[in-house]
Amino acid sequence: MEIIKWLSITARYTRIYLDKELAPLNLNSSQYMYVIRVCQEPGITQDRFLKLFYVNPSNITRSLARLEKDGFIRRESYPGDRRTWRLWPTRRAIEANKKIQKIIADMEGYLTDHLDNSQARWLREWLEDAGKKVILQTSKDFFQERG
C-alpha cells in the first residue's frame, strides 16, 4: 500500500504545483502536455493523443477545444478524412511552451536532485513500466467486464 499511497500523494501535489505555476499562462496541469506536444509535432492529429497520454477521448476533445478557444492551437481538417483534425501551435503556444518546459524541468529537477543519473534513469523507466502495467491490467479488466 505504501507505493500506491506515495505515487498518489506525489501525483496530487505535482498537479497542485503545476496548476499554480501554469496559472499565469492561463493553463493547468491537464492542458500543458497538449501544448508541449503540438509544439513538438506541428500538424499532429487529435487521435494521436490517445496513444500518447492514455486519457479518455472526451477529455482530449474538451482540452483541445479549450486550448483552441484560448488561442493556443489551431485545428485544420485532415486532407482526405474530414473526421480527423490536425493541430498546429499558435504564437501563444510557442511562447508558452518555453515557460512550460522550464516549469517541468524545475519540478523534475527537484524530484530527482538527490539521485545520480543512473538512479534518475531507473526511476523514469520504473515509472513508465509501472504505468504501462497498470494500463494493460485496467484495459483487460475493462474488456472482460463487457465480454
Side-chain angles (χ1 to χ4, degrees), residues 3-113 115 117 119-143 145-146:
I3 292 173
I4 301 301
K5 175 182 121 179
W6 286 108
L7 283 172
S8 177
I9 290 168
T10 303
R12 184 171 53 251
Y13 280 88
T14 299
R15 278 191 304 277
I16 290 168
Y17 169 82
L18 290 174
D19 284 338
K20 180 177 142 283
E21 295 296 313
L22 294 167
L25 302 174
N26 196 31
L27 293 168
N28 64 42
S29 60
S30 298
Q31 298 167 322
Y32 79 93
M33 57 191 179
Y34 296 101
V35 173
I36 290 172
R37 188 55 70 164
V38 170
C39 287
Q40 288 174 339
E41 296 181 43
I44 187 173
T45 62
Q46 185 169 328
D47 295 341
R48 176 102 166 90
F49 289 114
L50 290 169
K51 293 180 177 112
L52 290 171
F53 300 141
Y54 302 97
V55 294
N56 188 298
S58 63
N59 292 353
I60 294 169
T61 300
R62 190 172 28 260
S63 290
L64 293 174
R66 178 63 188 250
L67 290 170
E68 183 179 28
K69 180 179 177 255
D70 290 346
F72 287 99
I73 62 168
R74 180 174 51 85
R75 293 190 311 165
E76 287 181 3
S77 61
Y78 192 79
D81 184 357
R82 295 198 182 273
R83 296 171 296 164
T84 301
W85 293 97
R86 293 181 72 188
L87 307 167
W88 303 92
T90 63
R91 176 162 298 188
R92 184 175 189 190
I94 293 166
E95 291 170 7
N97 186 46
K98 295 172 190 170
K99 295 174 184 171
I100 295 167
Q101 294 291 341
K102 177 159 180 13
I103 292 166
I104 298 304
D106 288 349
M107 185 54 157
E108 286 190 6
Y110 178 76
L111 289 170
T112 60
D113 67 354
L115 303 175
N117 287 340
Q119 290 171 319
R121 184 176 54 253
W122 178 87
L123 177 61
R124 282 190 301 275
E125 290 170 359
W126 182 85
L127 287 169
E128 182 178 344
D129 289 346
K132 287 178 180 179
K133 284 178 77 169
V134 170
I135 291 165
L136 182 62
Q137 186 59 47
T138 304
S139 297
K140 285 181 185 176
D141 291 346
F142 177 81
F143 289 114
E145 289 173 6
R146 282 147 185 77

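Numbers here are sequence positions counted from 1.
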Nearest 0.5 Å, what's the [atom1]-[atom2] distance between [X] and [Y]?
X: Leu52; Y: Glu41; atom1: CG; atom2: CD; value: 6.5 Å
X: Ile9; Y: Ile4; atom1: CD1; atom2: CD1; value: 11.5 Å
X: Met33; Y: Leu18; atom1: CE; atom2: CG; value: 11.0 Å
X: Phe53; Y: Ser30; atom1: CZ; atom2: OG; value: 11.5 Å
X: Arg74; Y: Glu68; atom1: CZ; atom2: CD; value: 10.0 Å
X: Ile73; Y: Leu87; atom1: CD1; atom2: CG; value: 5.0 Å

Listed pairs under 3.5 Å, donor-acceptor, residues 95-104 side chains, sequence neighbours left out:
residue, atom, partner, partner atom, Å
Asn97, OD1, Gln101, NE2, 3.3
Lys102, NZ, Asp106, OD1, 3.3
Lys102, NZ, Asp106, OD2, 2.8

Determine the minimum heavy-atom distance between [X] and [Y], stating which atoms define it.
X: Gly71; Y: Thr90; value: O-OG1, 2.5 Å
X: Thr84; Y: Asp47; value: OG1-OD2, 4.1 Å
X: Trp88; Y: Val38; value: C-CG1, 3.5 Å

* Could you tell me whether a side-chain N or O of Gln31 sits under 3.5 Å from a main-chain N or O of Asn28, the two making a donor and an acceptor? =>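 Checking the backbone N and O of Asn28 against the side chain of Gln31, a donor-acceptor pair under 3.5 Å is found.
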* To do: State whether the side chain of Thr45 and the backbone N or O of Arg86 hold a donor-acceptor pair below 3.5 Å, judged by distance alone.
  =>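 It does not hold such a pair.
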* Pairwise side-chain hydrogen bond (donor to acceptor under 3.5 Å, both in side chains) hits with a residue in residues 13-24, at least two apart -> Asp19-Ser29
* Test: Glu128 and Arg124 ion pair at under 4.0 Å ->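 Arg124 and Glu128: not salt-bridged.
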* **Check: Ser77 and Trp85 side chains under 4.5 Å, non-hydrogen atoms** => yes
* **Note, Leu115 side chain near Trp122 side chain (heavy atom, < 4.5 Å)** =>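 The answer is no, as the side chains (C-beta and beyond) never meet within the 4.5 Å cut-off.
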* Give a yes or no on whether Asn117 atom CG has more than 12 heavy-atom contacts from other residues, nucleotides or ligands under 6.0 Å away. =>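 For Asn117, atom CG is not crowded (no more than 12 foreign heavy atoms under 6.0 Å).
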* Is Arg91 atom CZ crowded by more than 12 heavy atoms from other residues, nucleotides or ligands, each under 6.0 Å away? -> no
* **Residue pair Ser58 / Asn56, side-chain donor-acceptor N/O under 3.5 Å** => yes
* Does any donor atom in the side chain of Gln46 or Thr61 lie under 3.5 Å from an acceptor atom in the other side chain? ->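 Present: a donor and an acceptor within the cut-off.
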* **Ile3: partners by side chain to side chain contact (heavy atoms under 4.5 Å, CB included), with sequence neighbours left out** =>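 Only Leu7, Trp126 meet the side chain to side chain contact (heavy atoms under 4.5 Å, CB included) criterion with Ile3.
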